[in-house]
2 protein chains.
Amino acid sequence: MKRSNPNDTVDEPQSVMDKKKMEKIFSNIDLENPPAICPIRDVLAKALDKWSILIIVMLGYYDVLRFGDLKKKIKGISPKMLSISLKHLEQDGFLIRTVFPEVPLRVEYHLTDQGRSFCNKILDLSEWINEYFPEIVKRRYKVDEIMKGEA
Amino acid sequence: MKRSNPNDTVDEPQSVMDKKKMEKIFSNIDLENPPAICPIRDVLAKALDKWSILIIVMLGYYDVLRFGDLKKKIKGISPKMLSISLKHLEQDGFLIRTVFPEVPLRVEYHLTDQGRSFCNKILDLSEWINEYFPEIVKRRYKVDEIMKGEA
DNA sequence: CCGTATCCCGGAAGATACTG
DNA sequence: CAGTATCTTCCGGGATACGG
């Protein structure tokens, strides 16, 4: 039952770990020596940020949005956080900021190809969650029950 | 050039936004009324957490690890954060904790099917990042140059 | 060995007022 | 309208020591 060796032949039909992919990823990493600051995790951290996800999905859905539109559509975000998040996403090439020097000022945001591609990844994740979510909720209730019983 | 209407026929060959998927996701959300606390984002937040990702990937790679193993392999994690993250992941059904009441105590962790499935999602994300990362880095340097020039 | 309990600090992020 | 500047608050999370 114990499967401690990554080289074991996998026999489960479902949810098979993709060992090939895994090996490829791990081959790029020196596990012993600290990877200093991993730039990949840096990119991911910014793009998977709570607000960033919403921004990307909104832009994926509406194609073009102004600062004020985003502020209205994303409930609870402050102008500061919206500004910071947009800057990060622009810096990392997920979206493009276009200024129209009119009066009053107009600024539009839209996704790049990279941004749209990433948006699809988020949608995939979203679908994954939707699939497993009922079980997770059920489990949480169960765990809560146990906690209550112990308290 | 402006594509403000989600119903426009898509003509880009690459990185096409999956509108069908998008509509499906958005149909479950009431954008106007605040979604209170979105439980899906709650699950995602915990599972996509900095430490959680590493834990899941490590368990995906090594199959079975003890508390101390994880602590050693995940550079920089404190016992507190490791404990908390493991608890979250166990609560949400990503992994299973097994206690062997020996002396000294032994505790093993391994992924559930859900955990392995999610690990594959993380690997996908990882691959995505690897694909786009060179461009992102290039862009960051460029942005830094501009910033320096302006300062 | 496997964690929990405690203390403590820096930085994330909300609210708000203000400017180009 | 589209943000920035400032202030403050809060808590995530690191270090460490201890308990089962």
Side-chain angles (χ1 to χ4, degrees), chain A residues 34 36-38 41-42 44-55 58-59 62 64-91 95-110 143 146-147 150-151, chain B residues 4 34 36-38 41-42 44-55 58-59 62 64-91 95-110 143 147 150-151:
Chain A
I37 293 161
C38 173
R41 308 208 47 227
D42 189 37
L44 265 187
K46 285 198 178 79
L48 289 178
D49 171 76
K50 159 181 166 180
W51 297 124
S52 298
I53 287 182
L54 286 177
I55 292 170
M58 286 296 176
L59 287 176
Y62 291 104
V64 177
L65 289 173
R66 302 174 60 173
F67 189 88
D69 297 331
L70 284 163
K71 187 150 168 22
K72 257 172 260 151
K73 288 186 189 307
I74 300 174
K75 305 288 181 187
I77 194 168
S78 66
K80 177 186 162 189
M81 288 318 295
L82 179 54
S83 175
I84 290 174
S85 301
L86 286 170
K87 207 157 280 179
H88 285 159
L89 293 176
E90 189 194 5
Q91 277 176 12
L95 56 79
I96 286 172
R97 176 179 181 272
T98 315
V99 182
F100 298 87
E102 307 167 352
V103 179
L105 190 57
R106 182 162 58 105
V107 179
E108 291 186 349
Y109 294 88
H110 69 274
V143 170
I146 293 168
M147 299 299 276
E150 282 173 353
Chain B
S4 294
I37 294 160
C38 172
R41 310 207 47 227
D42 188 39
L44 265 187
K46 286 198 177 80
L48 289 178
D49 171 78
K50 159 181 167 180
W51 297 125
S52 297
I53 288 182
L54 286 178
I55 291 171
M58 286 297 176
L59 287 176
Y62 292 104
V64 177
L65 289 173
R66 302 173 60 173
F67 189 88
D69 296 331
L70 283 163
K71 187 150 169 22
K72 257 173 259 151
K73 288 186 189 307
I74 300 175
K75 304 288 180 185
I77 195 169
S78 65
K80 176 185 163 190
M81 288 317 295
L82 180 54
S83 174
I84 290 174
S85 302
L86 286 170
K87 205 156 281 179
H88 285 160
L89 293 175
E90 189 193 6
Q91 276 176 11
L95 57 79
I96 287 172
R97 176 178 182 272
T98 316
V99 183
F100 299 86
E102 308 167 349
V103 180
L105 190 58
R106 182 162 58 104
V107 178
E108 290 187 348
Y109 294 89
H110 70 273
V143 171
M147 300 298 277
E150 282 174 353

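Computed over heavy atoms, backbone and side chain alike; hydrogens, waters and symmetry mates excluded. Throughout, a chain's letter reflects where its sequence line sits, starting with A, and its residues are numbered from 1.
Atom CG of Leu54(B) and atom NZ of Lys73(B) lie 13.0 Å apart (nearest 0.5 Å). Atom CD1 of Ile55(A) sits about 5.0 Å away from atom CD1 of Ile77(A), to the nearest 0.5 Å. Interatomic distance, Leu48(B) CG to Asp49(A) CG, rounded to the nearest 0.5 Å: 11.5 Å.
Taking atom NZ on Lys75(B) and atom P on dA15(D), their separation rounds to 14 Å, with Å as the unit. One interatomic measurement links the two molecules: CD1 of Ile55(A) to P of dA2(D), which rounds to 14 Å at whole-angstrom precision. Distance, Leu82(A) CG to dG3(D) C1': 9 Å, rounded to whole Å. In this entry the distance linking CD1 of Ile84(B) with C1' of dG13(D) reads 8 Å, nearest Å. One atom, CZ of Arg106(A), and another, C1' of dA2(D), lie 13 Å apart when rounded to the nearest Å. A straight line from CD of Glu108(B) to P of dG3(C) spans 11 Å, rounded to a whole angstrom. Rounded to an integer number of Å, the gap from CG of Leu54(B) to C1' of dG13(D) is 15 Å. Spacing between atom NE2 of His88(A) and atom C1' of dA13(C) amounts to 13 Å, rounded to whole angstrom units.
Between Lys80(A) and dC7(D), a side-chain N or O to OP1/OP2 separation shorter than 4.0 Å is absent. Regarding contacts with the backbone of dG14(C), a side-chain N or O of Trp51(A) is found under 4.0 angstrom from either OP1 or OP2. For Arg66(A), no side-chain nitrogen or oxygen approaches OP1 or OP2 of dC1(D) to under 4.0 Å. Of the side-chain N and O atoms in Lys71(A), none sit less than 4.0 angstrom from OP1 or OP2 of dC1(D). Checking the phosphate oxygens (OP1, OP2) of dC2(C), no side-chain nitrogen or oxygen of Arg97(B) falls inside 4.0 Å. Checking the phosphate oxygens (OP1, OP2) of dA13(C), no side-chain nitrogen or oxygen of Ser78(A) falls inside 4.0 Å.
In this structure, Phe100(B) reaches neither bases nor backbone, as no heavy-atom distance under 4.0 Å exists between it and the strands shown.
With dT4(D), dA2(D), dG14(C) as the choices, the nucleotide that has an atom nearest any side-chain atom of Val107(A) turns out to be dA2(D). Listed nucleotides: dA13(C), dG14(D), dG20(D). Nearest to the side chain of Leu105(B): dG20(D). Counting only heavy atoms from C-beta on, Ser83(B) has its side chain closest to dG3(C) among dG3(C), dG3(D), dA13(C). The Pro79(A) side chain lies nearest to dT4(D) when the options are dT4(D), dC2(C), dG14(C). In the set dC2(C), dG14(D), dA13(C), dG14(D) carries the atom at the smallest distance from any side-chain atom of Met81(B).
Heavy-atom minimum distance, Ser85(B) versus Trp51(B): OG-CB, 3.8 Å.
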Exercise for the section: Please assess Arg97(B) against Leu86(B) for the test side-chain contact (heavy atoms from CB on, under 4.5 Å), listing each intermediate value before the final yes or no. Expected result: CA-CA 9 Å; Arg97(B) 176 178 182 272; Leu86(B) 286 170; over 6 Å; no
